[in-house]
Amino acid sequence: MNNHIDIFNIPISKINLLDLNRQNLKYFLISLGAKNFCTEQVMSWIYNYYCDDFNKMLNISIKTRKKLYEKSYIFASEFIEEKISYDGTIKWITDINNQKIETVYMPEKKRSTLCVSSQIGCSLKCHFCATGQEGFQRNLKVSEIIAQIWQANKRLKEKNIKKNITNIVFMGMGEPLLNLKNVVSALTIILDEYGFGLSKRRVTLSTSGIVPALDKLRNMIDVSLAISLHAPNDFIRNIIMPINRKYNISSVLSSALKYFKYSNANRGGITIEYVMLDRINDSNEHARQLSVLLSKIPSKINLIPWNSFSGPSFLCSNTDRINMFANILRKKGFTTTIRKNRGEDINAACGQLTGIITNYFKK
Ligand code: SAH
Ligand code: SF4
């Protein structure tokens, strides 16, 4: 039950514990007069046992439990809809005050990845992205980011799916670096051994390159970094990603390089994402330009076949073109992978996330 609303439907100013990372939870518990070690016990109930009821936290003193109940609650918005793809991908929709966000689970042989949203919508309006076309609603709170992982784990258990989440990518709706504080707090919980306990190499933040925020990030948290580059020069990037007019390719790559130098999570290089758009950014010459751009950036390149949605007049590059493009980069010495599209039949693929439940036009 949503116990932060009283019987008259009036919100009470209680704290949702899913908004607090370990440090903040510690301060909060101390303010309630609880013992220091209580923090780890409470986190363990929340993140190990998925417990949202203080009465069940039997190793916490009755006095502290009473205080916790008076001042706080544990609430993770539930999924209102679930769609399952033929390839095992699951897309969940959460309704937050009548606004929708999406979370996608992608099982593979050796790992299972959860793709989470960081904002409702996105303000950056990249022309090839459905989320960008929908406009921006608001930033997600820490608890709303964490709830996606919490509910996904609970749901997988309920469905008896044994393939646990091993990787988390911030590649759902929104630009994580425009919600820096909440995203970093959520990342801290994801990496915390008393939180979800994932290794920093298995947690990826994907960004279109908000340079001042990326410069701050390296002093805040170390995770895998993916840069949405998508163009081999500023001329093309200015057109398909308007944010490039503010932070151009060279400023984004030099900030990414600084992040790399401080990071342990990116030893194999930073991931460069490159969406393949027919006759826009996919020629042999573009591949060569890209290799020059990245010559001094330790990186691996992930080519993403463009996923269609109604609206823009783009086409995805054909398979031969994508392979040719990849081979040029490989010959220049870059580790280059071609992303397999997941959950296309349920509109769960990259850039198809809009929170709209009805089906999109398919190519
Ligand atoms: N805002 C962040 C993270 C969310 S988008 C970012 O832009 O990096 C996750 C990835 O999907 C990005 O690389 C994005 O450019 C890519 N993407 C967006 N729309 C797409 C589409 N229609 N087809 C394929 N990839 C897309
Ligand atoms: Fe926003 Fe990323 Fe989509 Fe661009 S690609 S509009 S930054 S979500």
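Positions are given from 1, in the same order as the sequence printed here. Counting convention: from 1, in listed order, for ligands and their atoms alike. What you see is a predicted model; the values in this text were computed from it and never measured.
Note: an N/O pair closer than 3.5 Å links Gly174 and ligand 1 by distance alone.
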Practice problem: Could you give me the CA-CA distance, side-chain angles and deciding distance for Trp150 and Asp52, then say whether side-chain contact (heavy atoms from CB on, under 4.5 Å) is met? | Solution: CA-CA 11 Å; Trp150 213 71; Asp52 57 4; 4.0 Å; yes
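Within the 4.0 Å heavy-atom cutoff, Gly172 counts among the residues contacting ligand 1. Cys122 does not count as a contact of ligand 1, since none of its heavy atoms falls under 4.0 Å from the ligand.
Coordination check, Cys122 versus atom 1 (Fe) of ligand 2: passed, since an N/O/S atom of the residue sits under 2.8 Å. Residue Cys126: an N/O/S atom is found under 2.8 Å from atom 4 (Fe) of ligand 2.
Under 4.0 angstrom from ligand 1, the non-hydrogen atoms of Thr207 all belong to its backbone. With a 4.0 Å heavy-atom cut-off, ligand 1 is reached by the backbone of Glu175 and by its side chain too. Residue His230 touches ligand 1 through its side chain alone, judged by heavy-atom distances below 4.0 Å. Heavy atoms from both the backbone and the side chain of Phe128 come within less than 4.0 Å of ligand 1.
Annotation: ring-ring contact (aromatic ring centres under 6.0 Å, His included) contacts of Phe79 (sequence neighbours excluded): Trp92.
Distance screen at 4.0 Å: atom 6 (S) of ligand 2 has a protein heavy-atom neighbour inside the cut-off.
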